Visitor: 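Sending over a structure as structure tokens; questions will come in a sec.
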Amino acid sequence: MRGIFDDLTWEVHETAVDGDLVVVRTTMSGRQTGTFVGYGADGRPEQAFPATGRSFATTQTHWFRVADGKVVEHWANRDDLGTSRQLGWTPPSPAYLVRMVLATRRARRTVSP
């Protein structure tokens with residue numbers, strides 16, 4: 001993530017603990033300066049989103065189950081649609097769509113079959 005987003009931060013707004021469960025409500029923010037690659041179930045690049053230089057700030061909630069001082073489970077609720085809109089991924093302009101296709105091809109070439 002840090003190779004894709006400059007100034008990447010999580011501002012923690014609230015935390016709650018109940019037994020072995022920890023909940024954290026945050027805002028994640030940064031600026032996209034690298035290509036974000038999404039991978040399919042087979043581990044191969046499925047879609048690439050080239051850098052836009054845009055900034056974003058969206059909320060997230062993370063749930064952790066802790067055992068013996070270690071995180072043993074993690075779930076997250078993120079506003080991925082809000083992030084993609086702020087970064088210009090959704091809806092993509094025609095020019096950005098072409099950039100996405102080219103970036104996806106490049107990402108697929110770098111992974112051996």
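Nothing fancy with the numbering, it's 1 onward along the sequence. Given the structure is predicted, the values throughout are model-derived calculations rather than measurements.
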Visitor: Output yes when a side-chain donor or acceptor of Tyr96 lies under 3.5 Å from a complementary backbone atom of Pro91, and no otherwise.
Guide: no
Visitor: Taking all atoms of both residues into account, what is the closest heavy-atom pair of Thr104 and Ala48, and its distance?
Guide: OG1-N, 2.9 Å
Visitor: Can you say whether the rings of His74 and His62 are parallel (under 30°), tilted (30 to 60°) or perpendicular (over 60°)?
Guide: parallel
Visitor: Thinking salt bridges, do Lys70 and Asp68 make one under a 4.0 Å N-O criterion?
Guide: no
Visitor: Would a 4.5 Å heavy-atom cut-off, applied to side chains only, mark Phe5 and Leu87 as touching?
Guide: yes
Visitor: Quick one: CH2 on Trp10 to CE on Met1, what's the gap to the nearest 0.5 Å?
Guide: 5.0 Å
Visitor: Going only through I, L, V, M, F, W and Y residues with side-chain contacts under 4.5 Å, is there a path from Phe49 to Val37?
Guide: no
Visitor: State, yes or no, whether a side-chain contact exists between Gln32 and Arg54 at a heavy-atom distance under 4.5 Å.
Guide: no
Visitor: In sequence, state the C-alpha distance, the side-chain angles, and the governing distance for Met28 and Phe56, and then conclude on side-chain contact (heavy atoms from CB on, under 4.5 Å).
Guide: CA-CA 8 Å; Met28 178 177 147; Phe56 72 97; 3.6 Å; yes
Visitor: Using a 3.5 Å distance criterion without hydrogens, assess whether the side chain of Gln86 forms a donor-acceptor pair with backbone atoms of Gly88.
Guide: no
Visitor: Do the side chain of Thr90 and the main chain of Arg85 share a donor and acceptor less than 3.5 angstrom apart?
Guide: no
Visitor: Please identify which of these residues, Thr83, Thr26, Asp79, meets the side-chain hydrogen bond (donor to acceptor under 3.5 Å, both in side chains) condition with Thr58.
Guide: Thr83
Visitor: Examine distances only and state if a side-chain atom of Arg65 and a backbone atom of Asp20 form a donor-acceptor pair shorter than 3.5 Å.
Guide: no
Visitor: Would you say Asp42's side chain and Arg44's backbone share a donor-acceptor pair under 3.5 angstrom?
Guide: yes
Visitor: Are the side chain of Arg31 and the backbone of Asp6 linked by a donor-acceptor contact shorter than 3.5 Å?
Guide: no
Visitor: Could you check whether any side-chain heavy atom of Glu46 comes within less than 4.5 Å of a side-chain heavy atom of Tyr39, counting everything from C-beta outward?
Guide: no
Visitor: Answer with yes or no whether the hydrophobic clustering places Val66 together with Trp75; edges join I, L, V, M, F, W, Y residues whose side-chain heavy atoms lie under 4.5 Å apart.
Guide: no
Visitor: Can a donor-acceptor pair be found, under 3.5 Å and without considering hydrogens, that links the side chain of Arg25 to the backbone of Thr59?
Guide: no
Visitor: Rounded to the nearest 0.5 Å, what separation is found between the CG atom of Leu8 and the CZ atom of Arg2?
Guide: 5.0 Å
